There are 2 protein chains.
Amino acid sequence: MEIENVAEYLKNNGIKPSYQRVRVFEYLIKNKNHPSVNMVFKALLGEIPTLSKTTVYNTLKLFAEKNIVMVINIEDNETRYDADTSVHGHFKCEKCGELFDFGVNENELNFDKIENFQINQTHIYLKGICKNCKTN
Amino acid sequence: MEIENVAEYLKNNGIKPSYQRVRVFEYLIKNKNHPSVNMVFKALLGEIPTLSKTTVYNTLKLFAEKNIVMVINIEDNETRYDADTSVHGHFKCEKCGELFDFGVNENELNFDKIENFQINQTHIYLKGICKNCKTN
DNA sequence: ATTATTTTTGAAATCGTTACAAAATTACAA
DNA sequence: TTGTAATTTTGTAACGATTTCAAAAATAAT
Ligand SMILES: [Mn+2]
Ligand SMILES: [Mn+2]
Ligand SMILES: [Zn+2]
Ligand SMILES: [Zn+2]
């Protein structure tokens with residue numbers, strides 16, 4: 001998805017585009033590294049010296065409620081965020097820690113036991129060793 | 001999978017079958033409700049009054065390392081555990097909170113972008129409204 | 001029996017996250 | 001503009017799940 005005007009995009013999703021909100025969302029679409037709250041905070045603190053970590057928490061929670069970010073709970077001790085809300089999977093390398101995207105064909109899953117369940121979110125996580133770390 | 005002798009099963013997986021460890025694993029195979037640490041602790045405390053929560057943490061971490069339990073991080077604030085380590089999905093009802101199992105056909109996923117990656121764990125989480133909660 | 005090793009225990013520390021109230025900003029109306 | 005209400009941001013304190021750590025207990029080895 002291409003987002004030309006971030007403020008407009010936030011408005012269209014029922015979010016008042018404050019300066020901090022725009023900057024946080026911009027960070028997410030420019031850095032596709034599935035950052036944690038702390039990564040977003042530390043990255044923006046250089047440019048917004050008054051930024052509070054609470055604001056980053058508030059903002060990302062608001063984004064999640066409005067469904068413009070995906071919340072990734074692949075690790076129990078660190079939530080990560082993704083501005084790409086399309087259904088796709090995440091591979092976490094157990095060696096270097098990097099998070100890779102991969103494609104998922106939704107209608108290829110077998111939902112025998114949960115027929116007539118209303119599915120709101122799909123999360124597919126793989127863990128293992130990435131290509132780079134295997135050779136090294 | 002059917003486990004006849006828990007102590008034997010632990011031994012076969014490189015775990016010394018202490019009383020606490022056997023009891024924790026027995027709880028997991030008898031209660032297929034994907035319990036949290038606290039659920040295991042509170043349930044066993046009645047029968048093992050001296051039990052420490054740290055022991056439950058230690059034990060479940062050991063089980064995870066030896067790959068006889070699956071760690072479920074479907075929520076960011078509560079890790080849950082499953083003695084069924086076969087590849088299967090979990091549906092979390094956002095209304096009643098219950099965790100449902102469902103089947104997954106592994107080779108139906110599309111791993112285009114992560115070819116030659118070594119996959120060690122597969123986690124498939126769905127969130128939504130379960131059948132019961134939809135009608136009520 | 002003595003000693004060494006492993007396991008359990010409970011209290012304290014850690015750390016990500018949330019609650020909360022004050023300060024700052026923005027929106028609205030007179 | 002000016003005043004006032006509503007919203008947002010900020011920083012500190014509180015919270016809660018998990019980890020650390022050292023002592024106590026249990027088990028294994030000699
Ligand atoms: Mn992604
Ligand atoms: Mn399960
Ligand atoms: Zn790697
Ligand atoms: Zn339900």
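A, B, ... follow the sequence lines: proteins, then strands. Residue 1 opens every chain. Side-chain atoms are counted along with the backbone in the values below, which use heavy atoms only and exclude waters and symmetry mates. Quick caveat, the model's predicted, so the values are computed rather than measured.
- Side-chain atoms of B:T54 and base atoms of C:dA11 include a donor and an acceptor less than 3.5 Å apart.
- Taking atom CD of residue B:E65 and atom P of nucleotide D:dT19, one finds them 10 Å apart after rounding to whole Å.
- In this structure, the CG atom of B:N77 is 11 Å from the P atom of C:dA19, given to the nearest Å.
- Side-chain N/O atoms of A:Q20 include none lying less than 4.0 angstrom from OP1 or OP2 on C:dT25.
- The side chain of B:T79 approaches D:dT18 more closely than any other nucleotide in the set D:dT18, C:dG16, D:dT10.
- One can place CZ of B:F41 at 13 Å from P of D:dA17, the figure rounded to the nearest angstrom.
- Counting only distance, with no hydrogens or angles, the side chain of A:K134 and the backbone of B:N116 share a donor-acceptor pair below 3.5 Å.
- We find that CD1 of B:I48 is positioned 12 Å from P of C:dG10, with the value rounded to whole Å.
- Note: B:H88 and B:H34 have tilted aromatic rings, judged against thresholds of 30 and 60 degrees for the angle between ring planes.
- The side chain of A:Y57 places no N or O atom within less than 4.0 Å of a non-bridging phosphate oxygen (OP1 or OP2) of C:dT18.
- Linking Ile, Leu, Val, Met, Phe, Trp and Tyr residues whenever their side-chain heavy atoms come within less than 4.5 Å leaves A:F91 and A:I129 in two separate clusters.
- Contact annotation: the side chain of A:K92 never approaches that of B:Q121 to less than 4.5 Å [non-hydrogen atoms, C-beta and beyond].
- Residue B:S18 is in sugar-phosphate contact alone, with no base atom involved, counting any heavy-atom pair closer than 4.0 Å across all strands shown.
- Listed nucleotides D:dT10, C:dG10, D:dT19 differ in distance to B:S52; the shortest reach to its side chain belongs to C:dG10.
- Within 4.0 Å (heavy atoms only), A:S36 reaches no atom of the nucleic acid at all.
- With D:dT10, D:dT18, D:dT7 as the choices, the nucleotide that has an atom nearest any side-chain atom of A:K16 turns out to be D:dT7.
- Of the two residues contacting DNA chain C, namely A:N58 and A:K53, the nearest-nucleotide position lying further toward the 5' end is that of A:K53.
- Closest contact between the side chain of A:R21 and the listed nucleotides D:dT9, C:dT9, D:dT19 involves D:dT9.
- Across the protein-nucleic acid pair, A:R23 atom CZ and D:dT9 atom P stand 13 Å apart, rounded to whole Å.
- In this entry the distance linking CG of B:N73 with P of D:dA17 reads 14 Å, nearest Å.
- Between the OH atom of B:Y81 and the C1' atom of D:dA17 there is a distance of 10 Å, rounded to whole Å.
- Between B:T50 and C:dT9 there is a side-chain polar atom (N or O) within less than 4.0 angstrom of OP1 or OP2.
- To the nearest angstrom, P of C:dT17 lies 11 Å from NZ of A:K61.
- Between B:Y125 and B:H90, the ring-plane angle classifies as tilted under the 30° and 60° cut-offs.
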